[in-house]
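The structure under discussion appears below in the form of structure tokens.
Please read all numbers here as calculations on a predicted model, not as lab measurements. Heads up: numbering here begins at 1 and tracks the sequence. Just so you know, ligand 1 is whichever comes first in the structure, and atom 1 is the first atom listed for that ligand.
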Amino acid sequence: MTDTNPTRRYVALLPAAGVGARMAAGCPKQYLTVAGQPMLRHAVEAFRASALISHTYVVVSAADGYIDEVLPAGLAGVTVLRCGGATRMDSVLNGLRAIQREMAESDMVLVHDAARPGLTPTLIARLIDGVGDDAAGGLLALPVVDTVKRSAPSAQGVCSAATIPRNGMWLAQTPQMFSYQLLLRALGRATDPDAITDDASAVELLGLTPRLIEGHPRNLKVTLPADIRIAEMYLAAGE
Ligand SMILES: Nc1ccn([C@@H]2O[C@H](COP(=O)(O)OP(=O)(O)OP(=O)(O)O)[C@@H](O)[C@H]2O)c(=O)n1
Ligand SMILES: C[C@](O)(CO)[C@H](O)COP(=O)(O)O
């Protein structure tokens, strides 16, 4: 699908202000070395390598003591925003508000977890082409291939209480892409940041149905220690 608006820009915004509690490492997980470089740098380089992306913004916490070494000042095409918030949603919303003066009505924002180092320019292009001019935006995602269980506590521990039909179930990845104005409005209206675990959920609350574009297992979110070796396997294999 081709973009009918030749002046439209595509910018990336990477929330990178988390602490990585589930990783339980000595530093925020986005700064752990993965395939020879800090995890965060892989996603930044995927956006920098994409001819479709005009600029990349990285949102870190105000007290972040790592970013200046990982993304040196003056790195072409990249701006660090020290406006991270208490939740992922807060960090994204703060970042959107910080770049308001630099954005045009027609600009699109691709929000991508810094914790997903397996992103490639090909996957970026697949999302942009797949969404096209759809006003509802879209996201990379993977169809569920395993059986899904709903747990229930019991004296024996955690047990299966029900099986959730998996047809039509997808696991959301990132980037998630929306017009700047729509995403700013959707996140600004969200009342419960903890319920908004991805950007698409805020857009859905406006009654819109973002497109699901098939991503790739290499684009996993590095959350737990075992995820690092998986990410490194994909990064070593190349695109
Ligand atoms: N307050 C927060 C929380 C998360 N993130 C970012 O959102 C992405 C996805 O979040 P997640 O994988 O949950 O990272 P953490 O919150 O750091 O992990 P944990 O929940 O284990 O602490 C990450 O790039 C993380 O840095 C953020 O910018 N601001
Ligand atoms: C945005 C996301 O990666 C989509 O699956 C996910 O919701 C992030 O969740 P997290 O708890 O902030 O890692």
**Message:** Looking at ligand 1, is there an atom of it that comes within less than 4.0 Å of some heavy atom belonging to Gly84?
**Reply:** no
**Request:** Return yes if a side-chain donor-acceptor contact under 3.5 Å exists between Gln30 and Tyr66, otherwise no.
**Result:** no
**Message:** Can a donor-acceptor pair be found, under 3.5 Å and without considering hydrogens, that links the side chain of Ser50 to the backbone of Leu52?
**Reply:** yes
**Fill in**
protein heavy-atom neighbour closest to atom 11 (P) of ligand 1 works out as Lys29 NZ, 3.6 Å
**Message:** Test of understanding: given a 4.0 Å heavy-atom threshold, classify the contact between Ser61 and ligand 1 as side chain, backbone, both, or neither.
**Reply:** neither
**Request:** Taking only heavy atoms of Arg116 into account, list the atoms of ligand 2 that are under 4.0 Å away from them.
**Result:** 2 (C), 3 (O), 4 (C), 5 (O)
**Request:** Would you mind checking which non-hydrogen protein atom is closest to atom 4 (C) of ligand 2, with the distance to 0.1 Å?
**Result:** Ala172 O, 3.5 Å
**Item:** atom 16 (O) of ligand 1 - nearest protein heavy atom and its distance
**Value:** Gly18 CA, 4.1 Å
**Asp134 bridged to Arg211 by N-O distance under 4.0 Å** = yes
**Complete:** Ranked by distance from atom 29 (N) of ligand 1, the top protein heavy atom is Ser91 OG, 2.8 Å
**Request:** Please identify which atoms of ligand 2 are closer than 4.0 Å to at least one heavy atom of Lys221.
**Result:** 3 (O), 8 (C), 9 (O), 10 (P), 13 (O)
**From CA spacing to verdict: ring pair (Phe, Tyr, Trp, His ring centres under 6.0 Å), Phe47, His55** = CA-CA 8 Å; Phe47 284 114; His55 202 82; over 10 Å; no
**Request:** Run down the list Pro15, Gly20, Ala24 and name the one with the heavy atom closest to atom 23 (C) of ligand 1.
**Result:** Pro15
**Message:** Between Asp64 and Ser61, does the side chain to side chain donor-acceptor pair (under 3.5 Å) criterion hold? Intermediate values first, please.
**Reply:** CA-CA 5 Å; Asp64 184 295; Ser61 67; 4.6 Å; no
**Message:** When you compare ligand 2 with Asp113, is there at least one nitrogen or oxygen pair between them that comes in under 3.5 angstrom?
**Reply:** yes
**Message:** Below a 4.0 angstrom heavy-atom separation, can you tell me which part of Arg22, side chain or backbone, both or neither, approaches ligand 2?
**Reply:** side chain
**Message:** Can you name the atoms of ligand 1, numbered from 1 with element, that are less than 4.0 Å from a heavy atom of Ala115?
**Reply:** 24 (O)
**Message:** I'd like to know if Arg82 pairs up with Asp68 as an ion pair, taking the criterion as any Lys NZ or Arg NE/NH1/NH2 lying under 4.0 Å from an Asp or Glu carboxylate oxygen.
**Reply:** yes
**Item:** Derivation of the side chain to side chain contact (heavy atoms under 4.5 Å, CB included) call for Val11 and Met108
**Value:** CA-CA 6 Å; Val11 303; Met108 303 295 284; over 6 Å; no
**Asked** Does Glu214 reach the main-chain N or O of Leu142 with its side chain, forming a donor-acceptor pair under 3.5 Å?
**Response** no
**Message:** I'd like to know if the side chain of Asp113 reaches the main chain of Thr174, judged simply by a donor and an acceptor atom lying under 3.5 Å from each other, with no hydrogens or angles considered.
**Reply:** no
**Prompt:** Once you round to the nearest 0.5 Å, how far does OG1 of Thr223 lie from CZ of Arg22?
**Reply:** 5.0 Å
**Any donor-acceptor N or O pair under 3.5 Å, side chains Gln181, Ser179** = no
**Request:** Heavy-atom contacts with Gly85 under 4.0 Å: which atoms of ligand 1 show up? List them by number with element.
**Result:** 1 (N), 2 (C)
**Request:** Using a strict 4.0 Å cut-off to heavy atoms of Ala86, name the atoms of ligand 1 that fall inside it.
**Result:** 1 (N)
**Fill in**
Rounded to the nearest 0.5 angstrom, the CD1-CG distance for Ile124 and Leu127 is 9.0 Å
**Message:** Is there a polar contact between ligand 2 and Arg88, counting only N or O atoms under 3.5 Å apart?
**Reply:** no
**Heavy atom of the protein closest to atom 22 (O) of ligand 1 (residue, atom name, distance)** = Ala21 N, 2.7 Å
**Request:** Flag the pair Asp198 and Arg88 as a salt bridge only when some basic side-chain nitrogen lies within less than 4.0 angstrom of an acidic carboxylate oxygen.
**Result:** no
**atom 9 (C) of ligand 1 - nearest protein heavy atom and its distance** = Asp113 OD1, 3.6 Å
**Message:** How far is atom 28 (O) of ligand 1 from the closest protein heavy atom, and which atom is that?
**Reply:** Ala17 N, 2.9 Å
**Message:** What I want to know is whether Asp198 and ligand 2 share at least one N or O pair that is separated by under 3.5 angstrom.
**Reply:** no
**Prompt:** With only distance considered, is Thr174 within less than 3.5 Å of ligand 2 through an N or O on each side?
**Reply:** no
**Prompt:** Below 4.0 Å from any atom of ligand 1, is there a heavy atom belonging to Val59?
**Reply:** no
**Asked** Is a donor on one side and an acceptor on the other found under 3.5 Å between the side chain of Arg116 and the backbone of Ala43?
**Response** no
**Prompt:** For residues Asp90 and Thr87, is any side-chain donor paired with an opposing acceptor at under 3.5 Å?
**Reply:** yes
**Request:** Considering heavy atoms of the protein only, find what lies nearest to atom 20 (O) of ligand 1 and give residue, atom and distance to 0.1 Å.
**Result:** Arg22 NH2, 2.9 Å
**Prompt:** Nearest heavy atom to atom 10 (O) of ligand 1: which of Met39, Arg88, Gln30, Arg116 does it belong to?
**Reply:** Arg88
**Item:** atom 6 (C) of ligand 2 [closest protein heavy-atom partner, distance rounded to 0.1 Å]
**Value:** Thr197 O, 3.6 Å
**Fill in**
Taking only non-hydrogen atoms of Val19 and a 4.0 Å limit, the atoms of ligand 1 in range are 17 (O), 22 (O)
